[in-house]
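A short write-up of the structure that comes next.
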Amino acid sequence: MSMINFQRKHRPSLFWRTFLLLCGLIFFSVIGWLQSFRVLSELPYSQGVAQHIVSTANLTKYALLSADPIYRIDLLKILAAREGLVISPRDTTDRVKSLPTDGLNSLIEQLVKNSLGPDTVLASSVNGSTGLWVSVDIDGDAYWMQTSSDILDPPFGTTWLWWALAACMASLFGATLLTRHVIDPLARLSQVAGQLGQGKVPDPLPEDCGTAEIQAVNMSFNHMVQDLRRMEADRELLLAGVSHDLRTPITRLRLEVELADLPDDSRNAMVSDLEQMENIVNQFLSYARHSHEKQELVDLGEAAKAAMDNARLATDASVTVESSIASHVYVVAHPLELSRAIQNLFTNAMRYGRSEDGILKLHIKVETAKNGQEAIISVGDEGPGLPADQRERVMRPFERGESARSGVTGTGLGLAIVDRIVRRSGGSVTLGEMDPTGLLVRITFPTTTPEAEKAKAEKLQKEEERRQKEQEKLEKKLEKKLLKEQKNGD
């Protein structure tokens, strides 16, 4: 059971699962959009670059052909200085490095050759000089036209990074809102379900929420809570009524047996049976009783000592106690119910935890764990113990271990009462084993401090005062509105 709880605690929450799923969906959607954009823009971009190269080559060729030979040198200097365009003769001995065929270069080269001719050469380097080199034919002579290679890979700047960052932040914000909108009703349902599991009566869930599915779940849950409360009330009334009605005839029978002229053995056997019946009735009453007292700050160590005194363990010759009780270990619980739960552990140990010599060797310990965030009270014995496959079953009402069935009789409510009381106080009960033999019952509560409870009480008081003020303002506002309507009506 502890391994199951460990796995449950370390599983990711539904919020993070949904949030990460949405983030992954947005990420892959953006990647797919960018890929689609790149594919769709590949041909127009290649056509634009190729047209730029073709237009530059043609305009340069026509300008040189139409210019007066005297001014061609000046024209070439102007093109080199202002446009970064250099015209140089082409020779068969030139060392030519072709353009890389990756990316869009192959498509651009093909489009340029379709316009300027299949013999056109595009190079990234000629004789060690880098740039974009295009072979052109001017009046029957071969030349190289050199320009900047930036037109093949134009810089985009950093603007797109800011737009991408803004889009990413907006997407994350939207994913958070959407996830919260979906998860919050489920988180609220989980919270009230946990309260119901602890035996508390949760506040009803809102039935006017946005989505029809959550509204249907909330309505069904509220009806289930009402049905459970009704069933629990009927069960408590039935058990209490039957137990109360049985106590009177049991008491009368016991009195008659003690006054009757019977042999001592018969009288003692009948009195023992009646005492057992009365004990069963008392357990029924304890299980049916639902405390309506307010939870308080309780020192777990002092509660354990008080329960030991009430059980008279120190004066019982058949009981040896080894205790280690820490002081100032505070929990929030019902004081009377907590004392009853601890005494039930002692009673259960007295019945089923005695050693072969008939001595009950109790080990009682109160401590803190997890850096003081948990308070633990453990009660162990050195009896026959309880097999691991029976521990979960004996926590249910009217269930007992196989060894207990063949030995001491009982109702099977002892540990069920303990578990019910502890869950009402936000704790948990686990069964283990002593070394080398015996049963170990551990009760775990969340710890607190007097200062924390005082701060919580002050916060609740302030919240209540704020609500009262808001209610008073609302009532005054409604009163003014009614007066105004009455004056308008007159």
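Atom set for the values below is all heavy atoms of this structure, side chains included, hydrogens, waters and symmetry mates excluded.
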For Asn371, look at atom CG and say whether over 12 heavy atoms of other residues, nucleotides or ligands are found less than 6.0 Å away. no
Contact check, side chains of Leu313 and Phe346, non-hydrogen atoms, under 4.5 Å: yes
Are the side chain of Asp381 and the backbone N or O of Leu439 linked by a donor-acceptor pair below 3.5 Å? yes
State whether the side chain of Asn105 and the backbone N or O of Leu99 hold a donor-acceptor pair below 3.5 Å, judged by distance alone. no
Please check if the side chain of Ser190 supplies one atom and the backbone of Leu186 the other of a donor-acceptor pair under 3.5 Å. no
Under 3.5 Å, is there a donor-acceptor pair linking the side chains of Ser339 and Gln343? yes
Check the surroundings of atom CE in Met270: do more than 12 heavy atoms from other residues, nucleotides or ligands lie under 6.0 Å from it? no
Please step through salt bridge (Lys or Arg N to Asp or Glu O under 4.0 Å) for the pair Arg467 and Glu470, ending with a clear verdict. CA-CA 5 Å; Arg467 291 179 181 176; Glu470 290 181 354; over 6 Å; no
Does Leu172 offer a backbone N or O that forms a donor-acceptor pair with the side chain of Thr176 under 3.5 Å? yes
Working note: Val366 + Ile376, criterion side-chain contact (heavy atoms from CB on, under 4.5 Å); need CA distance, chi angles, decisive distance, verdict. CA-CA 6 Å; Val366 175; Ile376 300 175; over 6 Å; no
Taking the side chain from Thr447 and the backbone from Gly372, do they hold a donor-acceptor pair closer than 3.5 Å? yes
Regarding Glu451 and Lys454, does a basic nitrogen lie under 4.0 Å from an acidic carboxylate oxygen? no
Between Arg423 and Asp419, is the closest basic N to carboxylate O distance under 4.0 Å? yes
Within the side chain of Asn218, is there an N or O that forms a donor-acceptor pair under 3.5 Å with the backbone of Pro206? yes
Ignoring hydrogens and angles, tell me if any N or O in the side chain of Thr315 forms a donor-acceptor pair with the backbone of Arg312 under 3.5 Å. yes
Are the side chain of Asn348 and the backbone of Asn344 linked by a donor-acceptor contact shorter than 3.5 Å? no
Can you confirm whether Met308 sits close enough to Ile325 that some side-chain heavy atom of one is under 4.5 Å from a side-chain heavy atom of the other? yes
Check for a donor-acceptor pair, side chain of Asn310 on one end and backbone N or O of Ala306 on the other, with a separation under 3.5 Å. yes
Donor-acceptor pair, side chain of Ser355 and main chain of Leu360, under 3.5 angstrom: no
Check the pair Lys361, Glu322 against side-chain contact (heavy atoms from CB on, under 4.5 Å), reporting the backbone distance first and the verdict last. CA-CA 8 Å; Lys361 301 174 183 178; Glu322 180 181 339; over 6 Å; no
Within a radius of less than 6.0 Å around CD of Glu356, do more than 12 heavy atoms belonging to other residues, nucleotides or ligands occur? no
Verify whether one side chain among Ser318 and Arg354 offers a donor that lies under 3.5 Å from an acceptor in the other. yes
Do Leu440 and Leu431 come close enough that some side-chain heavy atom pair is under 4.5 Å? no
